[in-house]
Every structure is written in structure tokens, then in C-alpha cells.
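Fair warning: this is a prediction, and the values are worked out from it, not measured in the lab. Order of listing sets the numbers, starting from 1, for every ligand and every atom in it.
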Amino acid sequence: MRLMCTPSDDEDIPDQYHAALPDDRWHDSVQDPDAAGVAEAAQETVLGVLWQVWPVCLEHRTGVHAHAGADERAVWWCRAGEGHVLCEVGELAQTLPGRQRRALRRKERRRER
Ligand SMILES: [Zn+2]
């Protein structure tokens with residue numbers, strides 16, 4: 001996914017940021033391009049364009065939400081039960097089961113070549 005910005009012509013309206021798929025489709029936008037905002041934009045695009053809930057807490061089988069933690073770090077938050085941090089935004093690969101994580105790493109290595 002790529003982060004895109006639609007600059008605003010009106011100084012009263014902030015610039016809008018979208019997370020676009022490789023085919024340039026995107027859905028919804030955020031005004032704050034910090035980690036939680038970007039994560040939220042990516043989630044909106046996956047939901048709005050691909051109709052998929054992402055990311056998911058594998059333990060509770062439910063969608064999680066980007067959330068700015070108390071120490072300003074953005075985390076994916078699972079609301080199941082009393083709620084818990086799934087991982088920091090950007091660290092989702094770590095939450096995958098070993099086999100999927102290794103497959104993802106292989107794919108990334110191929111892309112880097
Ligand atoms: Zn959970």
C-alpha cells in the first residue's frame with residue numbers, strides 16, 4: 001500500500017491522507033498522517049475496497065483497531081474481553097503463526113531482489 005495525500009486548497013480544511021492499494025483504489029481518508037492515522041487509513045481501504053476485516057486478532061477472531069497508546073506509540077488494540085494490545089503498528093507480521101510469518105518473509109525477500 002502507498003500513502004497518498006490530497007492537499008487542501010482551503011486553509012480551513014486540512015490535507016487528506018489515503019492508503020492506496022497497488023491499483024490506486026482507496027477508501028476514506030484521515031487528516032493525521034501519524035502511525036495511528038496511517039494504520040486507520042490502511043484499514044479503511046481494506047474494508048471499503050476489498051470488503052475484508054483487517055487486521056484480525058487470531059486469538060479472539062475479531063478485528064482490531066489502531067489506537068494511540070499512552071506513551072504515544074500507535075498500537076493495534078483488540079476490544080475482546082477487557083481488551084489488549086495486539087502489537088505495535090508496523091509489527092503485525094510478528095503476530096502471525098510461524099508458517100505464515102516465514103512465508104511472508106520469503107515473499108518480502110523476493111520483492112527486494
Ligand atoms: Zn484479542
Check: So, Thr45 side chain and His27 main chain: donor-acceptor pair closer than 3.5 Å or not?
Finding: yes
Notebook entry, point to check: Does Gln43 use its side chain to pair, donor to acceptor, with the backbone of Val64 at less than 3.5 Å?
Noted result: yes
Check: Okay, side chain of Arg101, backbone of Ala93: is any donor-acceptor separation there less than 3.5 Å?
Finding: no
Notebook entry, point to check: Taking atom CG of Leu86 and atom NE2 of His60, what is their separation to the nearest 0.5 Å?
Noted result: 10.0 Å
Item checked: Results of side-chain contact (heavy atoms from CB on, under 4.5 Å) for Asp71 - residues two or more places apart only -> Arg73
Next item on the list: For the Zn ion (ligand 1), check which protein N, O or S atoms are under 2.8 Å away and list them.
Entry: Cys57 SG, His60 ND1, Cys78 SG, His84 NE2
Item checked: Aromatic plane relationship, Trp26 with His18 - under 30° parallel, 30 to 60° tilted, over 60° perpendicular -> parallel
